[in-house]
Amino acid sequence: MAHFKSQDFKDILYPVHTLKRGVDIFSAFPKLQDFEEFKVPLSASIPIHKVFKYIVYAYDQRSPFFIQIEDLRERKILAMQEAGFEPTHKKGFSDAVRMILNCEHKKVNSMIIRYCRFQGKDFTNLISSQEAFYQINLQLLSNIQSDDDDAIKFSQDKAKLDELATKHAERLNEKARKFLSQETAEGLHEDLWKLAEDEAANIKLTPEDYAD
């Protein structure tokens, strides 16, 4: 169990460490009511006040858990315990808690993404990077012509495309990890990119947005 002092949490966005037992998080932090992600119903085994504490402890980049615990899995487990979740049997946490730890709980994933956006991270830049990735790949694909008389050139162009696509994908993954406080779980990354794709339709991007 991690041992931090109250002073260690002084810079976190939401001071959940000061919440008294039984205090409703929406009373303590009324701004959360402006966001649908935090108002969706959860099961009794994962109450919202504990889930929100976990998110703050694990994903707030000014949390001592984030700053001092480099190992991602260890950080999340200790943050979960600090939030009030304890192992329920010999195998450890309940199935619902393990789903959260593994980023397999869609509702909690949405909360995590929203909290990462709270921290002033540039979500529009993430969207534009994803759109630029699609546009570059489409352009490269359109420039490759299959020609039986020039199989060598086609093969070379295809190899170039694969190399560029791999590089762009790596850069996107790195941006996503940075946005998600170094989270690597595939499920959360998928939900992040799905949200970015959905919101891209509502944002008018300019050529400058695609610049990287």
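Predicted, not measured: the structure shown is a model, and the values here were computed from it.
- With sequence neighbours excluded, the residues forming a side chain to side chain contact (heavy atoms under 4.5 Å, CB included) with I48 are I25, L42, M111, listed by chain and number.
- Because its NZ or CZ atom is both nearer than 6.0 Å to the ring centre of F85 and within 45° of the ring axis, K50 counts as a cation-pi partner of that residue.
- A 4.5 Å side-chain heavy-atom check between S63 and E82 finds every atom pair outside the cut-off.
- Using a 4.5 Å heavy-atom threshold, the side chains of L192 and L126 count as touching.
- Taking the salt bridge (charged side-chain N to carboxylate O under 4.0 Å, His left out) definition, one finds that D8 meets it with nothing, sequence neighbours left out.
- Ring pair F29/Y14 is perpendicular by interplanar angle, where above 60° counts as perpendicular and below 30° as parallel.
- The number of heavy atoms from other shown groups lying within 6.0 Å of CD (E70) does not exceed 12.
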Pairs under 3.5 angstrom only: tabulate donor-acceptor contacts from the side chains of residues 55-62 to other protein residues two or more places apart or in another chain.
residue, atom, partner, partner atom, Å
Y59, OH, E183, OE1, 2.6
D60, OD1, R62, N, 2.8
D60, OD2, L13, N, 2.8
D60, OD2, Y115, OH, 2.6

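- You'll find the side chain of F9 stays beyond 4.5 Å of the side chain of P15, heavy atoms only.
- Under the side chain to side chain contact (heavy atoms under 4.5 Å, CB included) criterion, S43 pairs with S45, I46, not counting sequence neighbours.
- Counting heavy atoms from C-beta on, the side chains of V97 and Y54 never come closer than 4.5 Å.
- For the pair H17/S6, a side-chain contact is recorded, criterion being any heavy-atom separation below 4.5 Å from C-beta on.
- You'll find the side chain of C103 reaches within 4.5 Å of the side chain of K76, heavy atoms only.
- With respect to the salt-bridge test (charged N to carboxylate O, under 4.0 angstrom), the residues K194 and D198 qualify.
- Taking 4.5 Å as the limit, every side-chain heavy atom of F26 sits out of range of all side-chain heavy atoms of F52.
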List, one per line, each side-chain donor-acceptor pair under 3.5 Å for residues 30-41, sequence neighbours excluded.
residue, atom, partner, partner atom, Å
E36, OE2, K39, NZ, 3.3
E37, OE2, R114, NE, 3.0
E37, OE2, R114, NH2, 3.2
K39, NZ, Q33, O, 3.1

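- Listed by chain and residue number, R98 satisfy the side chain to side chain contact (heavy atoms under 4.5 Å, CB included) test with D95 (two or more places apart in sequence, or in another chain).
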